[in-house]
Student: 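Take this structure, written in structure tokens, and hold onto it; I'll ask about it next.
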Amino acid sequence: MTKKEYDNNPYKTRLFTYGTLKQGGRLASLIGDGKYLGEYFTLHSVFDMIDYQNAFPIVFRKWDKGKSIKGHLYELDLNRMDYINRMETNAEYTPMIVDLINEQGDLTNAVMFVNAVNEKDIDSMYQAGTMSNIKEEKGYIEWQQ
């Protein structure tokens, strides 16, 4: 595929954001002309979140006693998704496909970036962060900036 073909690729992908890339977030402009699809929740409650120095959330898997994450869903072109993927993986986040649901019961899936901390190192995550900007409600957690 040539660069011109890549830049004009009609294919889209979905990105689930829960922090600085959400609408109104300080990095939301990186979404570019991505289409906002609404608020969604992870269908499975296998995550937890900390607030790192009141600057950004870190989400990681926590199989036992995990929670659902509330965030924003976008549809992005592959060029924009590639850019965000490089940024997130350089910050040691791992892309994973998650199942999502909205309040109307619509199901979909999307890419979500998660910190790849090992289960045995979760305690150190809690020591590194706070819960100051994290709201817990109705079985889900949400980072508020």
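Predicted, not measured: the structure shown is a model, and the values here were computed from it.
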Student: Run the side chain to side chain donor-acceptor pair (under 3.5 Å) test against Thr94 and tell me which residues pass, sequence neighbours left out.
Tutor: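 With neighbours one apart ignored, the set is empty.
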Student: I need the Tyr18 OH to Ile69 CD1 distance, nearest 0.5 Å.
Tutor: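 Here the rounded value is 8.0 Å.
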Student: Measure the CG-CE distance between Asn115 and Met49 for me, rounded to the nearest 0.5 Å.
Tutor: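 Atom-to-atom, Asn115:CG and Met49:CE are 12.0 Å apart.
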Student: Is there side-chain contact between Leu107 and Leu43, with heavy atoms separated by less than 4.5 Å?
Tutor: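 In short, these two side chains touch, coming nearer than 4.5 Å.
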Student: Val114 versus Val98: any side-chain heavy-atom pair under 4.5 Å?
Tutor: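 SC-SC contact between Val114 and Val98 ruled out.
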Student: Taking side chain to side chain donor-acceptor pair (under 3.5 Å) as the definition, give me every residue that meets it alongside Glu103, ordered by chain and number, with sequence neighbours left out.
Tutor: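 None.
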Student: Nearest 0.5 Å, what's the CG-CD1 distance between Leu15 and Ile31?
Tutor: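 So the CG of Leu15 and the CD1 of Ile31 are separated by 5.0 Å.
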Student: Would you say the side chain of Asn109 lies within less than 4.5 Å of the side chain of Leu100, judging by non-hydrogen atoms?
Tutor: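 SC-SC contact between Leu100 and Asn109 ruled out.
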Student: Do Ile134 and Gln144 make a side-chain contact, defined as non-hydrogen atoms from C-beta onward lying under 4.5 Å apart?
Tutor: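 They are not in contact (no side-chain heavy atoms under 4.5 Å apart), so the answer is no.
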Student: Find the distance between CD1 (Ile58) and CD1 (Ile50) and round it off to the nearest 0.5 Å.
Tutor: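 Here the interatomic distance stands at 4.0 Å.
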Student: Check the surroundings of atom OH in Tyr93: do more than 12 heavy atoms from other residues, nucleotides or ligands lie under 6.0 Å from it?
Tutor: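 Yes, the 6.0 Å shell around OH holds more than 12 heavy atoms from other groups.
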Student: Has the side chain of Arg80 got a donor or acceptor atom that lies under 3.5 Å from a matching backbone atom of Leu30?
Tutor: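 Checking the backbone N and O of Leu30 against the side chain of Arg80, a donor-acceptor pair under 3.5 Å is found.
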Student: Partners of Glu137 by salt bridge (charged side-chain N to carboxylate O under 4.0 Å, His left out), sequence neighbours excluded?
Tutor: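 Glu137 satisfies salt bridge (charged side-chain N to carboxylate O under 4.0 Å, His left out) with Lys135 only.
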Student: Please list all pairs meeting ring-ring contact (aromatic ring centres under 6.0 Å, His included) that have one or both residues in residues 20-47, counting only residues at least two apart or in different chains.
Tutor: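 Qualifying pairs: Tyr36-His72, Tyr36-Tyr74, Phe41-Tyr140.
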Student: Between Ser45 and Ser68, does any side-chain donor sit less than 3.5 Å from a side-chain acceptor?
Tutor: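 No pair is found: no donor N or O on one side chain lies under 3.5 Å from an acceptor on the other.
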Student: Keeping to residues at least two apart or across chains, list the salt bridge (charged side-chain N to carboxylate O under 4.0 Å, His left out) pairs with something in residues 14-28.
Tutor: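 As it turns out, the salt bridge (charged side-chain N to carboxylate O under 4.0 Å, His left out) pairs with a partner in residues 14-28, which skip direct neighbours, are Lys22-Glu142.
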Student: For Thr17, what residues pass the side chain to side chain donor-acceptor pair (under 3.5 Å) criterion, not counting sequence neighbours?
Tutor: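 By the side chain to side chain donor-acceptor pair (under 3.5 Å) rule, Thr17 matches no residue at all.
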Student: Is there side-chain contact between Lys12 and Met81, with heavy atoms separated by less than 4.5 Å?
Tutor: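 They are not in side-chain contact.
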Student: Any side-chain heavy-atom pair from Val59 and Met112 closer than 4.5 angstrom?
Tutor: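 Yes, close enough: below the 4.5 Å cut-off.
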Student: Checking Glu136 now: which residues fulfil side-chain contact (heavy atoms from CB on, under 4.5 Å) with it, not counting sequence neighbours?
Tutor: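 Checked Glu136 against side-chain contact (heavy atoms from CB on, under 4.5 Å); matches are Lys67, Ile141.
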Student: Between the main-chain N or O of Leu78 and the side-chain N or O of Asp82, is there a donor-acceptor pair closer than 3.5 Å?
Tutor: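 A pair under 3.5 Å: no.
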Student: Does the side chain of Leu21 reach to within under 4.5 Å of the side chain of Met87, using non-hydrogen atoms?
Tutor: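 In contact.
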Student: List for me each residue that meets salt bridge (charged side-chain N to carboxylate O under 4.0 Å, His left out) alongside Glu39, sequence neighbours excluded, and say none if there are none.
Tutor: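 Salt bridge (charged side-chain N to carboxylate O under 4.0 Å, His left out) list for Glu39, sorted by chain: Lys70.
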Student: Taking side chain as C-beta onward, heavy atoms only, is Ile97 less than 4.5 Å from Val111?
Tutor: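 A side-chain contact exists here, since the closest heavy-atom pair is under 4.5 Å.
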Student: For Leu76 and Ile84, what are the C-alpha separation, side-chain angles and deciding distance, and is it a side chain to side chain contact (heavy atoms under 4.5 Å, CB included)?
Tutor: CA-CA 10 Å; Leu76 305 175; Ile84 290 172; 3.9 Å; yes
Student: Which atom pair, heavy atoms only, marks the closest approach of Thr89 to Pro95?
Tutor: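 In terms of heavy atoms, the two residues are closest at CG2-CD, 4.0 Å.
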Student: Tell me every residue that passes side chain to side chain donor-acceptor pair (under 3.5 Å) with Asp51, counting only those two or more places apart in sequence or in another chain.
Tutor: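 Ser132, Asn133, Trp143.
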Student: State whether a side-chain donor-acceptor pair under 3.5 Å links Asn102 with Gln104.
Tutor: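 Yes.
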Student: Report the C-alpha distance between Thr108 and Leu37 in whole Å, list the side-chain angles of each, state the deciding distance to 0.1 Å, and finish with yes or no for side chain to side chain contact (heavy atoms under 4.5 Å, CB included).
Tutor: CA-CA 11 Å; Thr108 191; Leu37 300 176; over 6 Å; no
